[in-house]
Number of protein chains: 2
Amino acid sequence: MTAEPNGRQNLGLLCFYPHRAMEARLLATLAAAGFDDITMAQGRIAARIGPAGTRLTDLAEQALVTKQTAGHLVDQLERSGYVRRVPDPTDGRARLVRMAERGEQVVHLARRVEAEVEAEWTAHLGEEATAQLRAALERLREITDPYR
Amino acid sequence: MTAEPNGRQNLGLLCFYPHRAMEARLLATLAAAGFDDITMAQGRIAARIGPAGTRLTDLAEQALVTKQTAGHLVDQLERSGYVRRVPDPTDGRARLVRMAERGEQVVHLARRVEAEVEAEWTAHLGEEATAQLRAALERLREITDPYR
DNA sequence: CCATTTTCGTCAGAGGGTCTGACCATCGTC
DNA sequence: GACGATGGTCAGACCCTCTGACGAAAATGG
């Protein structure tokens with residue numbers, strides 16, 4: 001991911017800045033709201049928990065980490081009260097990771113911050129350019145995201 | 001960075017996929033070429049070394065890490081023979097981190113891979129959409145990258 | 001219906017990346 | 001020259017992630 005001598009940077013690197021900015025804003029806002037024990041890694045796992053709960057293995061697969069890593073992160077989320085594990089009624093081996101009350105609060109706040117940041121970006125780029133940006137990124141995802 | 005229930009994902013997250021894909025490709029290709037002792041963190045530091053060498057403090061600032069972290073990574077890069085530290089003739093305290101021969105080789109290869117991946121993306125999106133994407137990301141960088 | 005294989009999850013251990021805090025040497029300035 | 005600012009290192013800690021090994025439950029297939 002090298003920065004070329006002329007100002008031209010590769011597209012992968014250019015994608016990095018907005019992503020980092022979004023994550024930093026999220027983390028800062030959540031911390032300011034009292035959710036100061038959350039980390040980015042935890043967030044990336046938590047973001048993939050479905051409404052009815054999700055298996056650890058699925059979380060790991062979608063987040064592109066090992067089961068062990070996902071388990072470790074869920075341990076922390078559970079200890080902090082953001083999620084809880086319940087038995088999966090359809091499979092004796094499995095457990096479902098489900099959002100707890102405290103977790104839902106974080107999700108609501110995170111959504112608001114995301115919308116806020118996107119609004120700022122739209123103000124900078126203009127409506128049309130932003131829509132094109134989103135469309136391009138979504139198409140790009142087809143070939144850069146192994147998970148759909 | 002939550003994934004919303006409907007398919008719509010926030011722009012920060014959408015930016016993540018291409019970035020991750022680019023980094024993964026780079027790392028895999030470099031490893032296959034025999035540079036198998038390099039890591040992403042090292043790459044992010046190394047990418048910021050200028051032609052005449054760069055001070056550790058500047059590397060740290062641009063990469064948004066502490067001096068200690070940058071120093072640690074440069075240690076590894078030096079041990080692997082990618083860079084070397086030379087005294088800064090203009091400042092007795094400072095040392096310049098400069099690319100070594102082996103480092104230059106990596107940079108050349110990395111540039112080629114980046115161009116390759118961008119070509120694939122362009123093939124998927126089309127020339128015009130790719131140009132627009134780049135323009136939008138560059139404008140977005142103005143407000144999402146604290147370093148210029 | 002049982003044996004085998006697969007899947008779900010955990011435990012244990014290791015290495016890498018990053019940070020804070022303390023510290024020394026040198027530079028620049030008054 | 002004295003003193004604050006700057007470049008860099010050392011030490012210690014924490015978090016993230018991985019590999020390997022394993023037990024329990026489910027799925028498969030005679």
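In what follows, chains carry the letters A, B, and so on, assigned in the order in which the sequence lines appear, proteins first and then strands, with residues in each chain numbered from 1.
Contact between the side-chain N/O atoms of Thr66(A) and the OP1/OP2 oxygens of dC18(D) is found at a separation under 4.0 Å. For dG17(C), one of the phosphate oxygens OP1 or OP2 lies less than 4.0 angstrom from a side-chain nitrogen or oxygen of Gln76(B). OP1 or OP2 of dC16(D) has at least one side-chain nitrogen or oxygen of Thr39(A) nearer than 4.0 Å. Put simply, Thr69(B) has a side-chain N or O that comes within less than 4.0 Å of OP1 or OP2 on dC19(C).
With dT18(C), dT19(D), dT20(C) as the choices, the nucleotide that has an atom nearest any side-chain atom of Gln68(A) turns out to be dT19(D). Of the candidate nucleotides dG7(D), dT17(D), dT18(C), dG7(D) has the atom nearest to the side chain of Lys67(B). Of the listed nucleotides (dG17(C), dG7(D), dC16(D)), dG7(D) has the atom at the smallest distance from the side chain of Thr57(B).
By the 4.5 Å heavy-atom criterion applied to side chains, Leu96(B) and Thr54(B) are not counted as neighbours. Looking only at side-chain heavy atoms (C-beta outward), Met22(B) and Glu118(B) come within less than 4.5 Å of each other. Using a 4.5 Å cut-off on side-chain heavy atoms (C-beta onward), Pro18(B) and Trp121(B) make contact.
Distance, Glu23(B) CD to dT17(D) P: 13 Å, rounded to whole Å. For the pair Leu73(A) CG and dG9(C) P, the interatomic distance rounds to 15 Å; values are reported in whole Å. Remark: P of dT6(C) and CZ of Arg55(A) are 18 Å apart, rounded to the nearest angstrom. Distance Arg95(A) CZ to dA26(D) C1': 17 Å, rounded to the nearest Å. In this entry the distance linking CG of Asp36(B) with P of dG16(C) reads 13 Å, nearest Å. The CD1-P distance, from Ile45(B) to dG16(C), rounds to 17 Å in whole Å. In this structure, Glu61(A) atom CD and dC8(C) atom C1' are separated by 13 Å, rounded to whole Å. Regarding Met40(B), its CE atom lies at a distance of 11 Å from the C1' atom of dT17(D), rounded to whole Å.
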Checklist entry - What's the verdict on side chain to side chain contact (heavy atoms under 4.5 Å, CB included) for Val65(B) and Leu59(B), showing C-alpha distance, side-chain angles and the deciding distance? => result CA-CA 8 Å; Val65(B) 299; Leu59(B) 292 178; over 6 Å; no

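Comparing Arg93(A) and Val65(A) against DNA chain D, the residue whose closest nucleotide sits nearer the 5' end is Val65(A).
Taken from CD in Gln9(B) to CD in Glu114(A), the straight-line distance is 9.5 Å, to the nearest 0.5 Å.
With no hydrogens or angles considered, no side-chain donor-acceptor pair links Tyr17(B) and Glu138(A) at under 3.5 Å.
More than 12 heavy atoms of other residues, nucleotides or ligands sit less than 6.0 Å from atom CZ of Arg102(B).
Of the residues in residues 78-92 of chain B, those with a non-hydrogen atom less than 4.0 angstrom from any atom of DNA chain C are Asp91(B), Gly92(B).
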